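Comments concern the structure below.
Note that the structure is a prediction, hence the values are computed from the model and not measured.
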Amino acid sequence: MKFNSIAFLASDSPEAREAAQRLGSLHGNADPSRADCVVALGGDGLMLQTLHRFVSTGIPIYGMNRGTVGFLMNDYAEANLLERLAAAELTTIHPLSMTAVDETGQRHRAIAFNEVSLLRQRHQAAKLMISIDHKPRIDELICDGILVATPAGSTAYNLSAHGPILPINSELLALTPISAFRPRGWRGAILPQQARVTITVLESEKRPVAAVADHVEVRHVREVEIAQDQGKSARILFDPGHSLAERVLREQFRF
């Protein structure tokens, strides 16, 4: 791949902004709407924002870590950027779509590249009914919440909730409970990517629940439908040997 124009985007940290200035002076800083490539300088939060901003535009995004965790980022280095971009490996990912109906009947739509999570809003546990492809699978799940994660997001909140790590190229989704109280022994499910998950909030006035798609939150939801959106995609670039698939695989052998 060859990139003639690069747009540099930085998080609010001083380190990221200084890096953007230095790289822009070396390579120019194109308008993102006309660039061949976007270089995101920050952490995973900035990468998620950038994925949302450029979803389905076809613009490849190359992240360099100027944040903390940086799971979705490449190592930061100012030298040989054009050569790194030319040699980078491309990964295409699809987001989840969320349709949440709140207590007034209003519908809220959002997408998530990591996960859609439902979380209790007050001291009482949530009470949820889980349906897959319109067929009830759990009539009553009492828990702190539940989430649906993509392969790309399976190493994020999903892993912290003891959900499975999914290979990046697998056509799967993870359905993971958060602190399940009853049925206590249920550890979640691995679903085909075409599955449609419907979560109905029981006793919603007594046990209010919020739904979160990446950084979009909807409170007091009554029902949430989640499915992978094959019509939307984002393209991410990684240095050779450090692809997203390799990083996800490596996480399964960490101690």
Over all atoms of both residues, closest heavy-atom pair of [X] and [Y]:
X	Y	answer
Gly43	Asn65	CA-OD1, 4.3 Å
Val248	Pro167	CG1-CA, 4.2 Å
Ala88	Pro240	CA-CD, 4.4 Å
Ala210	Gln121	N-OE1, 3.4 Å
Ala100	Val224	CB-CG2, 4.0 Å
Ile61	Ala40	CG2-CB, 4.5 Å

Heavy-atom donor-acceptor pair, [X] side chain to [Y] backbone, under 3.5 Å:
X	Y	result
Asp44	Phe71	yes
Arg109	Thr99	no
Ser170	Leu166	no
Asn74	Leu237	yes
Ser204	Val201	no
Asp36	Ser5	yes

Contacts under 3.5 angstrom, residues 140-151 side chains, donor-acceptor by atom type, not counting sequence neighbours:
from	atom 1	to	atom 2	distance (Å)
Asp144	OD1	Arg120	NE	2.7
Thr150	OG1	Phe113	O	2.7
Thr150	OG1	Asn114	O	3.4
Thr150	OG1	Ala152	N	3.4
Thr150	OG1	Gly153	N	3.0

_Looking only at the side chains, is there a donor atom on one of His94 and Asp229 sitting less than 3.5 Å from an acceptor on the other?_
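No, no side-chain donor-acceptor pair sits under 3.5 Å.
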Please tell me if the side chains of [X] and [Y] come closer than 4.5 Å, counting only heavy atoms from C-beta onward.
X	Y	value
Leu9	Thr50	yes
Ser233	Ile93	no
Gln194	Gln228	no
Arg247	His242	yes
Pro164	Asn158	yes
Leu41	Val39	yes
Leu128	Leu202	no
Met64	Leu81	yes

Are [X] and [Y] grouped together when hydrophobic residues (ILVMFWY) are joined by side-chain heavy atoms under 4.5 angstrom apart?
X	Y	result
Leu244	Val55	yes
Ile190	Ile165	no
Ile59	Leu48	yes
Val116	Leu191	yes
Leu96	Val101	no

*Considering residues at least two apart in sequence or located in another chain, which fulfil the side chain to side chain donor-acceptor pair (under 3.5 Å) criterion with Asp239?*
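Asp239: side chain to side chain donor-acceptor pair (under 3.5 Å) contacts with Tyr62, Arg84.
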*Steps toward side-chain hydrogen bond (donor to acceptor under 3.5 Å, both in side chains) verdict (His108, Asp102)*: CA-CA 8 Å; His108 305 263; Asp102 67 20; 2.8 Å; yes
Does the distance from a Lys or Arg side-chain N to an Asp or Glu carboxylate O, for [X] and [Y], drop under 4.0 Å?
X	Y	result
Glu246	Arg250	yes
Asp12	Arg17	yes
Arg66	Glu15	no

How many angstroms lie between [atom1] in [X] and [atom2] in [Y], if you round to the nearest 0.5 Å?
X	Y	atom1	atom2	value
Thr92	Leu90	OG1	CG	4.5 Å
Thr91	Arg235	OG1	CZ	10.5 Å
Thr200	Glu225	OG1	CD	10.0 Å
Leu23	Phe8	CG	CZ	4.5 Å
Arg207	Arg122	CZ	CZ	10.5 Å
Ser11	Met47	OG	CE	12.0 Å

*Using the side-chain contact (heavy atoms from CB on, under 4.5 Å) rule, take Gln193 and Gln230 through it: C-alpha gap first, then chi angles, then the decisive distance, then the call.*
CA-CA 9 Å; Gln193 68 175 11; Gln230 286 290 324; 3.6 Å; yes
Does [atom1] belonging to [X] count more than 12 external heavy atoms closer than 6.0 Å?
X	atom1	result
Glu203	CD	yes
Arg196	CZ	no
Glu83	CD	yes

*Mind running side-chain contact (heavy atoms from CB on, under 4.5 Å) on Ile111 and Met98 for me, showing each step along the way?*
CA-CA 6 Å; Ile111 62 171; Met98 176 189 79; over 6 Å; no
*Stepwise, does the side-chain contact (heavy atoms from CB on, under 4.5 Å) test hold for Thr176 with Tyr157?*
CA-CA 10 Å; Thr176 302; Tyr157 190 8; over 6 Å; no
*Audit row: Val38, Ile6, side-chain contact (heavy atoms from CB on, under 4.5 Å) steps and yes/no*: CA-CA 6 Å; Val38 170; Ile6 304 171; over 6 Å; no
*May I have all residue pairs that pass ring-ring contact (aromatic ring centres under 6.0 Å, His included) and include part of residues 165-212, sequence neighbours excluded?*
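Non-adjacent pairs meeting ring-ring contact (aromatic ring centres under 6.0 Å, His included): zero.
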